[in-house]
Participant: 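My questions will all concern the structure given below.
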Amino acid sequence: KEILVEISGTTVTLTCPLPEGTITWTVSGTKQTSNEQKYVIENHNSSPTNVSCSSDAKTYEMYLNARVCENCEELDALAVTGIITADLLITFGVLILVYYFSKGRKGRASAGAGGRPRGQKMQRPPPVPNPDYEPIRKGQREVYAGLEPRGF
């Protein structure tokens, strides 16, 4: 058996497993004799404390490191599960709405693409021919007559 600790706000209640009778509580070196199994610490300051309860030959000791606050709210496991489930459902709902609303926008043209309609791509005109590399045409052989191979 061990000392039972209950925390509510800034109040810490300790319950000794010894049977009712003369119980001596020692909290941070201060001894207090009581006939009750429960010892209540009002306005606990969250500092670590050594606690012991003893009666005759039996002694139970513990190291109390309890964080307390005035405005704390206690939540049970069902409430935490409900909050997490609701958050996931809302997130998936928003995700599905965004998916369905953005699904129909794929084929539409955007106004910021230069202001011209995006239909079929316009074909680019052929590149301007370079006069140095013009092909030889019939009737123009005399232009290239000086380019005959020379025999050495």
Side-chain angles (χ1 to χ4, degrees), residues 1-138 140 144:
K1 293 182 177 183
E2 54 190 30
I3 298 174
L4 179 67
V5 179
E6 297 174 37
I7 301 170
S8 178
T10 59
T11 304
V12 179
T13 305
L14 306 169
T15 306
C16 188
L18 294 171
E20 298 238 356
T22 305
I23 297 175
T24 304
W25 286 94
T26 307
V27 179
S28 295
T30 307
K31 289 187 178 185
Q32 184 176 4
T33 304
S34 171
N35 288 337
E36 295 184 22
Q37 284 182 303
K38 293 192 178 211
Y39 182 78
V40 178
I41 303 172
E42 295 283 340
N43 298 321
H44 182 59
N45 59 1
S46 297
S47 61
T49 311
N50 287 318
V51 177
S52 68
C53 67
S54 60
S55 175
D56 299 329
K58 280 261 190 185
T59 301
Y60 290 95
E61 294 181 352
M62 72 174 284
Y63 178 74
L64 178 66
N65 190 8
R67 289 269 197 193
V68 296
C69 62
E70 290 183 32
N71 300 324
C72 295
E73 289 292 328
E74 295 180 25
L75 295 175
D76 59 342
L78 185 62
V80 172
T81 305
I83 290 169
I84 292 172
T85 304
D87 182 39
L88 288 174
L89 288 174
I90 290 170
T91 302
F92 284 128
V94 169
L95 185 69
I96 290 170
L97 285 173
V98 168
Y99 173 75
Y100 280 115
F101 279 117
S102 67
K103 195 175 172 182
R105 294 180 177 256
K106 287 182 182 175
R108 294 183 188 167
S110 62
R116 56 184 178 166
R118 295 187 84 179
Q120 293 179 342
K121 287 188 177 180
M122 299 289 289
Q123 289 185 355
R124 290 174 38 185
V128 177
N130 189 342
D132 295 334
Y133 298 104
E134 246 182 86
I136 299 174
R137 293 185 203 101
K138 289 184 179 181
Q140 290 185 345
Y144 301 104

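By convention here, the first residue in the shown sequence is residue 1.
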Participant: Considering residues, nucleotides and ligands other than Asn65, do more than 12 of their heavy atoms fall under 6.0 Å from its CG?
Facilitator: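 Atom CG in Asn65 is crowded, with more than 12 foreign heavy atoms closer than 6.0 Å.
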
Participant: Would you say the side chain of Thr59 lies within less than 4.5 Å of the side chain of Cys53, judging by non-hydrogen atoms?
Facilitator: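 Cys53 vs Thr59: side chains apart.
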
Participant: What distance separates Thr24 OG1 from Leu18 CG, expressed to the nearest 0.5 Å?
Facilitator: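 One gets 10.0 Å once the value is rounded to the nearest 0.5 Å.
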
Participant: Just by distance, do the side chain of Ser55 and the backbone of Thr22 share a donor-acceptor pair under 3.5 Å?
Facilitator: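 At least one qualifying donor-acceptor pair exists.
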
Participant: Between atom CG of Leu88 and atom CD1 of Ile83, what is the distance when rounded to the nearest 0.5 Å?
Facilitator: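 Going from the CG atom of Leu88 to the CD1 atom of Ile83 covers 12.0 Å.
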
Participant: Taking all non-hydrogen atoms of both residues, which atom of Ala77 and which atom of Thr81 are closest, and how far apart?
Facilitator: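 The answer is O-OG1, 2.8 Å.
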
Participant: Any heavy-atom pair between the side chains of Thr11 and Glu42 that's under 4.5 Å?
Facilitator: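 In contact.
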
Participant: Look up atom SG in Cys16 and atom OH in Tyr39, then write down how far apart they are to the nearest 0.5 Å.
Facilitator: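 Answer rounded to 0.5 Å: 13.0 Å.
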
Participant: To the closest 0.5 Å, what do you measure between CD1 (Ile23) and OG (Ser52)?
Facilitator: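 If I round to the nearest 0.5 Å, the distance is 11.5 Å.
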
Participant: Could you pull out the closest heavy-atom pair between Val68 and His44, with the gap in Å?
Facilitator: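 Residues Val68 and His44, closest heavy atoms: CG2-O, 3.2 Å.
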
Participant: From Leu64 CG over to Ile3 CD1, what is the distance, rounded to the nearest 0.5 angstrom?
Facilitator: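 Interatomic distance, Leu64 CG to Ile3 CD1, rounded to 0.5 Å: 9.0 Å.
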
Participant: Measuring only between side-chain heavy atoms, which start at C-beta, is Val27 closer than 4.5 Å to Gln32?
Facilitator: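 The answer is no; the side chains never approach within 4.5 Å.
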
Participant: What distance do Thr91 atom OG1 and Leu95 atom CG have between them, rounded to the nearest 0.5 Å?
Facilitator: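 Output value for this atom pair is 8.5 Å.
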
Participant: Any chance you could lay out the side-chain contact (heavy atoms from CB on, under 4.5 Å) test for Asn50 and Glu61, step after step, and finish with the verdict?
Facilitator: CA-CA 7 Å; Asn50 287 318; Glu61 294 181 352; over 6 Å; no

Participant: Taking Thr49 for its side chain and Ser47 for its backbone only, find out whether a donor-acceptor pair lies under 3.5 Å.
Facilitator: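 Yes.
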
